[in-house]
Number of protein chains: 2
Amino acid sequence: MALLNLLPAACDSELRRTTDLTHFDYRVLANLSEAPERTLQMSALAERTTASLSRLSHVVTRLERQGWITREVSAHDARATNAVLTQSGWEKVVATAPFHVQSVRNLVLDALTPSQFHQLGVIAGKIVRRIEERTATP
Amino acid sequence: MALLNLLPAACDSELRRTTDLTHFDYRVLANLSEAPERTLQMSALAERTTASLSRLSHVVTRLERQGWITREVSAHDARATNAVLTQSGWEKVVATAPFHVQSVRNLVLDALTPSQFHQLGVIAGKIVRRIEERTATP
DNA sequence: GGATTTTAGTTGATACTACAAGTAACTATG
DNA sequence: CATAGTTACTTGTAGTATCAACTAAAATCC
């Protein structure tokens with residue numbers, strides 16, 4: 001429980017002191033930056049960041065106001081909205097990435113042996129799958 | 001990251017559907033219920049729940065309004081405030097505990113082998129200590 | 001081919017959290 | 001013994017998250 005309490009807060013504050021992004025904001029931008037055309041449909045982006053569509057929508061609205069993302073209606077499906085990373089958003093990601101990498105390295109990687117780090121991945125995966133099972137069929 | 005996103009939310013919602021407590025609320029009440037005289041100084045309670053004093057103060061205010069906790073000034077140090085679990089608060093913990101236990105069992109314990117569960121404890125401990133080091137001396 | 005359901009996303013109210021500033025009591029120091 | 005500093009906690013504010021309700025487009029079903 002201490003881990004769940006402290007680690008998100010720590011990830012956030014290390015990032016926010018230096019840049020002005022939430023850790024979640026960063027993940028949204030980073031995911032877009034890696035996508036083809038720097039574009040992802042909202043649903044796809046929500047899945048990759050494990051966020052609700054509602055939460056994502058609010059956050060994208062904010063990031064859009066800051067000029068890092070734009071929205072456009074999908075050509076194939078008029079219900080769908082694509083989030084597109086702007087040039088300015090791309091530059092933001094590039095500028096922020098080193099800080100993010102270092103905070104993760106400091107907080108997690110350096111604290112563990114390589115084997116423990118691997119184990120953590122396996123364990124987290126199992127728990128996450130468990131949660132997804134349970135929330136899929138209530 | 002998915003773990004950090006999903007697990008707290010999952011812990012919360014399983015508990016909130018059935019009872020009307022946040023997972024953090026529960027931890028506050030549970031810690032008090034295990035303390036001698038069902039009483040803890042705010043600072044001590046904050047440390048046990050790994051929360052800031054500010055956060056705790058807000059939450060205790062709410063729990064106090066619901067009649068589960070009362071505050072009293074410490075006899076030894078007039079700066080210090082003790083949080084005391086009321087009878088009604090005690091009953092709330094007793095009523096809630098089974099749900100809490102089962103949700104943790106479902107979400108975490110059942111997903112892992114005993115050895116993995118142990119490893120998770122070790123790994124979480126190392127990361128938490130790391131965070132505490134880093135936030136102690138900035 | 002029109003009615004119903006599902007999917008995709010948005011929005012507004014409410015509630016929680018974090019940060020910063022403030023108060024009051026205690027301690028140490030010259 | 002006054003005063004400077006620390007400790008313990010509270011409170012206001014502003015930003016985020018969550019939930020429920022809503023709109024609109026697409027798919028499905030007689």
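In what follows, chains are A, B, ... by sequence order, proteins preceding strands, each numbered from 1.
- The environment of CD in Gln87(B) is crowded: more than 12 heavy-atom neighbours from other residues, nucleotides or ligands sit within 6.0 Å.
- When atom types are taken as modelled, the side chain of Ser52(B) and the backbone of Arg55(B) share a donor-acceptor pair closer than 3.5 angstrom.
- Between the side chain of Ser74(A) and the backbone N or O of His76(A) there is at least one donor-acceptor pair closer than 3.5 Å.
- At a non-hydrogen distance threshold of 4.0 Å, Arg79(A), Ala80(A), Thr81(A) from residues 74-86 of chain A come into contact with DNA chain C.
- In this structure, Arg16(B) reaches neither bases nor backbone, as no heavy-atom distance under 4.0 Å exists between it and the strands shown.
- Toward the 5' end of DNA chain C, the nearer of the two residues Asn5(A) and Gln41(A), judged by each one's closest nucleotide, is Gln41(A).
- Within the 4.5 Å cutoff, the side chain of Ile69(B) has heavy atoms near those of the Leu29(B) side chain.
- Atom CG in Asp12(B) sits roughly 15 Å away from atom C1' in dT16(D) (whole-Å rounding).
- Taking atom CG of residue Leu56(B) and atom P of nucleotide dA18(C), one finds them 12 Å apart after rounding to whole Å.
- No more than 12 heavy atoms of other residues, nucleotides or ligands sit less than 6.0 Å from atom CD of Glu47(A).
- Between Ser13(A) and Ser54(A), it is Ser54(A) whose nearest contact on DNA chain C lies nearer the 5' terminus.
- The side chain of His58(B) lies closest to dT13(D) when the candidates are dT13(D), dA20(D), dA8(D).
- Of the candidate nucleotides dT10(C), dC19(D), dT17(C), dT10(C) has the atom nearest to the side chain of Leu53(A).
- In this structure, the nucleotide among dC19(C), dC16(C), dA18(C) sitting nearest to the side chain of Arg55(B) is dA18(C).
- Taking all atoms of both residues into account, the shortest heavy-atom contact from Lys126(A) to Leu112(B) is CB-CD2, 4.1 Å.
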